[in-house]
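In the text below, chain A, chain B and the rest are named by the order of the sequence lines, each starting its count at 1.
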2 protein chains.
Amino acid sequence: MSVYTPPILTVDNVVFSLIAGDLSVLLIERANDPFKGVRALPGGYNAAGETTMDAVARVLKSKAGINLSELNYIEQLYTFDTVARDPRGHAVSVSYMGLCRDIVIPLDKGLQNPQFFPVKNLPKLAYDHVDIISYAHTRLCFKITYTNVVWALLPNMFTLTQLQSAYESILMKSLDKRNFRKKFLSLGLVVASKEFFKDGAHRPARLYKFKKQSLEVLSRSFD
Amino acid sequence: MSVYTPPILTVDNVVFSLIAGDLSVLLIERANDPFKGVRALPGGYNAAGETTMDAVARVLKSKAGINLSELNYIEQLYTFDTVARDPRGHAVSVSYMGLCRDIVIPLDKGLQNPQFFPVKNLPKLAYDHVDIISYAHTRLCFKITYTNVVWALLPNMFTLTQLQSAYESILMKSLDKRNFRKKFLSLGLVVASKEFFKDGAHRPARLYKFKKQSLEVLSRSFD
DNA sequence: ATAGTTATTGTGATATTGACACTTACTATT
DNA sequence: AATAGTAAGTGTCAATATCACAATAACTAT
């Protein structure tokens with residue numbers, strides 16, 4: 001135990017947002033080697049005495065200028081631990097997935113050029129970050145089928161078209177409008193408001209909102 | 001980075017098995033303080049240069065006398081990282097869930113008294129191991145509703161009654177026999193054999209087996 | 001008034017769910 | 001050989017969910 005040397009511990013955060021209708025991930029540009037100048041997830045060291053969530057908050061602020069509280073939802077994903085992930089030595093990374101609305105990324109010189117990139121068209125990424133994003137995306141696809149978690153990606157009030165479009169962007173396939181509406185409304189996660197969204201030269205769309213602005217899990221059962 | 005001190009990294013393994021029909025967890029008895037003599041999950045340090053799965057294999061063998069290959073299934077669960085989990089200092093634990101059939105635990109003096117305990121009646125446990133087991137149990141309950149993962153807990157050939165009983169033990173509720181059979185058979189995960197299991201003074205039960213002895217995930221979709 | 005655009009809504013065929021009870025096949029006992 | 005006991009195996013009906021599919025409504029701009 002006294003001669004025991006642990007691996008380095010790091011965190012990586014996959015922050016998803018719907019940017020111009022596309023599911024997108026927040027990436028920074030690495031300031032140092034290895035992978036200097038290459039795009040990467042915001043991540044960094046986790047010191048003894050801080051939780052991984054603490055580390056996520058610290059890193060997100062210092063590298064991307066975003067406060068943890070700007071994420072509407074965050075959950076731990078998976079811990080990536082292969083010995084060769086980091087060329088400098090064994091680094092075990094606890095990954096998180098965060099979801100947020102359309103947020104403003106500050107243009108601060110101290111930051112590492114944070115930007116959102118559409119998931120369907122990612123740049124070259126450092127480390128095993130492609131795998132981490134892919135894992136997060138798969139998890140999100142599952143999660144939207146049995147929870148209200150898309151709430152975290154949408155504005156407070158939204159139209160059913162927006163909602164459907166969010167599902168389509170995440171699942172990366174198109175859905176039937178009538179069936180989607182019928183099914184989603186029957187889940188009872190969302191309520192109609194009295195307000196409408198007027199957009200252009202066409203019929204205005206009714207605005208809806210989620211009943212709960214926190215995770216709600218639908219039970220699925222065997223008998 | 002040079003002054004950076006990581007937390008200790010550990011692994012903990014929740015091994016489930018159906019013992020006398022009850023969902024049970026493998027526990028050892030701690031040899032040293034803290035929690036000396038208290039029951040705990042088999043777990044231990046993870047050194048730099050070994051993956052968490054390596055560490056799980058090592059610990060399982062050295063503390064419980066079980067080879068990793070005796071587990072039919074294993075997956076990573078969650079990483080527990082609160083600063084106060086371990087009274088000795090910050091220790092981050094990557095937890096795994098393993099599933100196995102009725103296996104023989106060796107009675108070796110070098111081992112830490114490994115034994116299976118029914119989940120519904122656990123002894124006092126060290127650290128946050130109750131939480132880890134509870135997390136694993138919840139995950140397993142979900143997982144059996146959309147995968148064939150119970151295969152890993154059952155013998156190669158089994159009766160539908162055994163299968164249903166496995167579900168009931170895990171979910172901790174009783175299921176309707178006719179509906180269970182109808183539904184499960186319609187999933188197409190399992191095939192009937194020509195063989196029967198003769199047990200006592202009653203009609204013999206047909207034996208079934210899983211088509212795949214590896215994880216199969218049923219897709220659930222939106223439209 | 002017309003054209004253009006998006007929102008909204010329903011039906012029929014099929015499959016799934018869930019509640020519910022009797023018959024079948026075997027063994028042990030008499 | 002008959003009977004009792006035990007667990008295995010099976011079907012129906014009503015309600016609900018799924019899925020494919022197209023016409024009408026409400027607005028704006030010209």
Contact class for [X] vs. all strands (heavy atom < 4.0 Å): base, sugar-phosphate, or nothing?
X      : result
B:R206 : sugar-phosphate
B:T161 : sugar-phosphate
B:D176 : base

Quiz item: Hey, what's the ring geometry for A:F80 with A:Y78, parallel, tilted or perpendicular (30° and 60° as the breaks)?
Solution: perpendicular
d([atom1], [X]; [atom2], [N]) in whole Å:
X      : N      : atom1 : atom2 : value
A:R181 : D:dC19 : CZ    : P     : 18 Å
B:D199 : D:dG9  : CG    : P     : 12 Å
A:K183 : C:dT16 : NZ    : C1'   : 12 Å
B:E195 : D:dA8  : CD    : C1'   : 17 Å
A:F158 : C:dA7  : CZ    : C1'   : 16 Å
A:L185 : C:dG10 : CG    : P     : 12 Å
B:Q164 : D:dG9  : CD    : C1'   : 12 Å

Quiz item: Under the side chain to side chain donor-acceptor pair (under 3.5 Å) criterion, do B:K61 and B:N67 qualify, and how do the steps go?
Solution: CA-CA 5 Å; B:K61 184 65 182 175; B:N67 293 310; 3.1 Å; yes
Self-check item: Electrostatic pair A:R139:A:E75 at N-O distance under 4.0 angstrom
Solution: yes
Practice problem: State whether A:R206 and A:E195 are salt-bridged, where the test is any N-O pair (Lys NZ or Arg NE/NH1/NH2 against Asp/Glu carboxylate O) under 4.0 Å. | Solution: no
Quiz item: Do A:K177 and C:dT6 share a donor-acceptor pair, side chain to base, under 3.5 Å?
Solution: no
Exercise. Assess whether one donor atom and one acceptor atom, taken from the side chain of B:N179 and the base of C:dA19, lie less than 3.5 Å apart.
Key: yes
For nucleotides 26-28 of chain D, which of its nitrogen or oxygen atoms have a protein nitrogen or oxygen under 3.5 Å away, and what is each distance?
unit_1: D:dA26; atom_1: O4'; unit_2: A:R203; atom_2: NE; d: 3.4
unit_1: D:dA26; atom_1: N3; unit_2: A:R203; atom_2: N; d: 3.1
unit_1: D:dC27; atom_1: O2; unit_2: A:A201; atom_2: O; d: 3.4
unit_1: D:dC27; atom_1: O2; unit_2: A:H202; atom_2: N; d: 3.3

Self-check item: ring-ring contact (aromatic ring centres under 6.0 Å, His included) between A:F158 and A:Y208, intermediate numbers included
Solution: CA-CA 5 Å; A:F158 51 87; A:Y208 288 77; 7.0 Å; no
Exercise. Answer with yes or no whether the side chains of B:S134 and B:D131 bring together a donor and an acceptor at under 3.5 Å.
Key: no
